[in-house]
Amino acid sequence: MSMADMIDERIVSFGLDVKDKEEAIQKICKMMYDAGKVTSYEKYLQGVKDRELEFETGMGNGIAIPHCKSDCVKEAAFTLIKLNQKIEWGSLDGEPVDYVIMLAAPNSADNVHLKMLSSLAVGLMDDDFREALKDATDVDQIIDIFKKKKEE
C-alpha cells in the first residue's frame with residue numbers, strides 16, 4: 001500500500017492547538033485511538049513516550065516524527081498534524097516544531113514502520129515536498145502531494 005493510500009482524514013489536522021510536546025503527543029495519540037488505528041490509548045501513548053525517551057524524534061525543519069511499534073496497533077497508520085504554534089521538541093537542528101507526523105505500526109515481522117519511516121524521510125529531505133506538505137490546507141492536497149512524490 002502506498003503512503004497516499006494510507007492517508008486517513010480522521011488523523012489529519014490543520015491547526016491542532018497544543019501548548020507543549022506532552023500535550024501534542026497526548027492529543028495525537030487520542031486521534032489515533034478515536035480513528036480505530038490502535039486498540040488501547042494508554043498502551044499506544046506509553047509506547048510513543050518510551051520511544052521519545054530513547055531518542056527525541058524532532059527531525060529538523062519544523063517536523064517531528066514520533067512513532068510506536070506495538071501489539072495495540074491494528075493497522076499501520078500515520079498522522080499529518082499542523083500545529084497552531086511552534087513547540088519545543090528537542091529537534092536535531094534545535095528549532096521548534098510545527099508539524100507532527102506520528103507513525104503507528106503493528107508489532108509484526110515485516111517492520112512496516114521502518115518502510116514508512118524510510119519513505120517519509122526520503123520525501124522530507126526534498127524541500128519542495130516538505131514545504132508543499134506543510135503548506136497544504138486540505139486532505140486532497142496532501143494525497144496529491146504524496147502521489148506526485150511516488151511518481152518521481
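For the numbers below, each heavy atom of this structure counts, side chains included, while hydrogens, waters and symmetry mates do not.
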Measuring from [X]:[atom1] to [Y]:[atom2], what's the distance to the nearest 0.5 Å?
X	Y	atom1	atom2	value
E9	I143	CD	CD1	8.0 Å
I101	I81	CD1	CD1	10.0 Å
C68	N107	SG	CG	9.0 Å
K30	Y41	NZ	OH	8.0 Å
R51	S70	CZ	OG	14.0 Å
I142	L80	CD1	CG	5.0 Å

Between [X] and [Y], which heavy-atom pair has the shortest distance, and what is it?
X	Y	answer
L103	M32	C-CE, 4.2 Å
P66	V48	CB-CG1, 4.0 Å
K43	C72	CD-CB, 3.9 Å
G60	S91	N-CB, 4.2 Å

Q | Mutual orientation of the aromatic rings belonging to F78 and F146 [parallel < 30°, tilted 30-60°, perpendicular > 60°] | A | tilted
Side-chain heavy atoms of [X] within contact of [Y], under 4.5 Å:
X	Y	value
Q85	D17	yes
W89	I25	yes
M31	M102	no

Q: Mark yes when over 12 heavy atoms from residues, nucleotides or ligands other than Y33 sit less than 6.0 Å from its OH; otherwise mark no.
A: no
Q. Under 6.0 Å from the CD atom of E88, do we count more than 12 heavy atoms belonging to anything else shown?
A. yes
Q: Ignoring hydrogens and angles, state whether a donor on the side chain of T57 or E52 is under 3.5 Å from an acceptor on the partner side chain.
A: yes
Q. Side-chain donor-acceptor pair under 3.5 Å between E22 and Q26, yes or no?
A. yes
**Q.** Given E95, M125, E131, R130, the one that forms side-chain contact (heavy atoms from CB on, under 4.5 Å) with N61
**A.** R130
Q. Given the rule that I, L, V, M, F, W and Y join up when any side-chain heavy atoms are under 4.5 Å apart, are I87 and V100 in one cluster?
A. yes
Q) Given the rule that I, L, V, M, F, W and Y join up when any side-chain heavy atoms are under 4.5 Å apart, are Y99 and L83 in one cluster? A) no
Q: Output yes when K147 and D144 qualify as a salt bridge under the 4.0 Å nitrogen-oxygen rule, no when they do not.
A: no
**Q.** salt bridge (charged side-chain N to carboxylate O under 4.0 Å, His left out) contacts touching residues 74-83 (sequence neighbours left out)
**A.** K37-E75
